[in-house]
Amino acid sequence: MVRAGLSTERLVRAGAELADELGFEQVTVSALARRFDVKVASLYSHLKNSQDLKTRIAQLALEELADRAADALAGRAGKDALVAFADVYRDYARAHPGRYAATRHPLDPEAAAASAGGRHAQMTRAILRGYDLAEPDQTHAVRLLGSVFHGYVSLETAGGFSHSTPDSQESWTRILDALDSLLRDWPTD
């Protein structure tokens, strides 16, 4: 019997909230059952296991992040688009640390194809069209941006910049200025 009020969507959203509170790695079907004060077995009509729950949270987080990025990019190009896109990632990671960690969760090919991961890559490439990069340089630049955004956000959210000056916002702004400059003057062979 399915417990009234429980649905896969409600459980995944609650799992995402749990990830933000406790950390993505702490999210399990057991922890979710405790949140709803139900037996673990009652959740198995909605979720296969903890891996299924984590995959669904990752897909939710990728969708939320893609929607925010698309809204931020609307009508923007060049440096303005680059900064807006980067700020969305940073802001999302700060507001939803567990969900942001979920965006890095490895997905099997089927789950990845059903996720918004492809939208993220398309938006990154759309930004780079403003810098007139051809392949393979465009792919190198996609990897560079992803590495810088994720690396900075990961270090910042772990407190890596809280003990020194200048403050992390000033560094973030300078890094985005440097990325814009690099992309405008991309090295050629």
Side-chain angles (χ1 to χ4, degrees), residues 2 6-33 35 40-74 81-82 84-86 88-129 131 133-155 157-158 179 183:
V2 175
L6 292 183
S7 67
T8 303
E9 181 181 348
R10 184 170 180 216
L11 292 171
V12 171
R13 291 203 173 278
E17 291 169 10
L18 199 59
D20 287 338
E21 293 167 19
L22 304 176
F24 182 64
E25 292 306 316
Q26 302 305 312
V27 175
T28 63
V29 173
S30 296
L32 196 56
R35 165 133 321 174
V40 172
S42 66
L43 301 186
Y44 287 127
S45 60
H46 303 286
L47 301 164
K48 294 176 192 169
N49 51 38
S50 292
Q51 180 62 31
D52 180 40
L53 174 60
K54 286 184 174 186
T55 294
R56 291 173 186 267
I57 293 169
Q59 289 172 316
L60 171 68
L62 287 165
E63 188 73 33
E64 288 176 344
L65 190 51
D67 289 345
R68 290 176 186 199
D71 288 345
L73 288 174
L82 175 70
F85 191 68
V88 164
Y89 275 79
R90 184 174 180 228
D91 293 346
Y92 188 81
R94 291 157 118 189
H96 301 289
R99 292 178 204 207
Y100 182 76
T103 67
R104 300 286 162 233
H105 181 68
L107 300 176
D108 65 49
E110 185 179 322
S115 79
R119 287 178 59 203
H120 292 269
Q122 290 170 347
M123 285 185 276
T124 305
R125 288 184 183 280
I127 291 166
L128 292 173
R129 280 195 291 276
Y131 291 98
L133 295 177
E135 285 300 344
D137 289 327
Q138 191 177 94
T139 296
H140 298 317
V142 166
R143 292 172 180 167
L144 171 69
L145 294 179
S147 298
V148 171
F149 299 163
H150 178 65
Y152 194 90
V153 165
S154 296
L155 289 169
T157 57
L179 283 173
L183 292 170

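This chain uses plain numbering: 1 for the first residue, then up along the sequence. Excluded from the calculations below are hydrogen atoms, water molecules and symmetry mates; all remaining heavy atoms, backbone and side chain alike, are included.
Atom OG1 of Thr28 and atom CG of Asn49 lie 11.0 Å apart (nearest 0.5 Å). A distance of 6.0 Å separates CG in Leu133 from CG in Leu183, rounded to the nearest 0.5 Å.
In this structure, the side chains of His140 and Asp137 come closer than 4.5 Å at one or more pairs of heavy atoms. Counting only heavy atoms from C-beta outward, the side chains of Ile57 and Leu18 never approach each other to under 4.5 Å. The shortest distance between side-chain heavy atoms of Leu22 and Val27 does not fall below 4.5 Å.
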Exercise. Are Tyr100 and Phe24 close enough, and set up right, to give a side-chain contact (heavy atoms from CB on, under 4.5 Å), and what steps lead you there?
Worked result: CA-CA 9 Å; Tyr100 182 76; Phe24 182 64; over 6 Å; no
Exercise. Going through the distances and angles, do His105 and Gln59 end up as a side-chain hydrogen bond (donor to acceptor under 3.5 Å, both in side chains)?
Worked result: CA-CA 9 Å; His105 181 68; Gln59 289 172 316; over 6 Å; no
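When every heavy atom of Ser42 is checked against every heavy atom of Ser45, the shortest pair comes out as O-OG, 3.5 Å. Pairing each heavy atom of Ala72 with each of Val88, the nearest pair is CB-CG2, 3.4 Å. Residues Leu43 and Ala33 approach most closely at CD1-N, 3.5 Å, considering heavy atoms. Leu60 and Ala16 make their closest contact through CD2-CB, 3.8 Å (heavy atoms, listed as atom of the first residue, atom of the second, distance).
At distances below 3.5 Å, not a single donor-acceptor pair connects side-chain atoms of Thr103 with backbone N or O atoms of Leu62. With hydrogens and angles ignored, the 3.5 Å screen pairs no side-chain donor or acceptor of Asp20 with any backbone N or O of Ala95. Side-chain atoms of Gln138 do not come within 3.5 Å of backbone N or O of Leu128 as any donor-acceptor pair. With hydrogens and angles disregarded, a donor-acceptor distance shorter than 3.5 Å links the side chain of Thr8 to the backbone of His46.
Residues Phe85 and His120 keep their aromatic ring centres 6.0 Å or farther apart. Aromatic rings of Tyr92 and His96 (six-membered ring for Trp) have centroids within the 6.0 Å cut-off, being under it.
Salt bridge Glu64/Arg68: absent, no basic N to carboxylate O contact under 4.0 Å.
Glu63 CD: more than 12 foreign heavy atoms inside a 6.0 Å radius. Counting heavy-atom neighbours within 6.0 Å of Arg35 CZ, excluding the residue itself, gives a total above 12. Within a 6.0 Å radius of CD in Glu135, more than 12 heavy atoms belonging to other residues, nucleotides or ligands are found.
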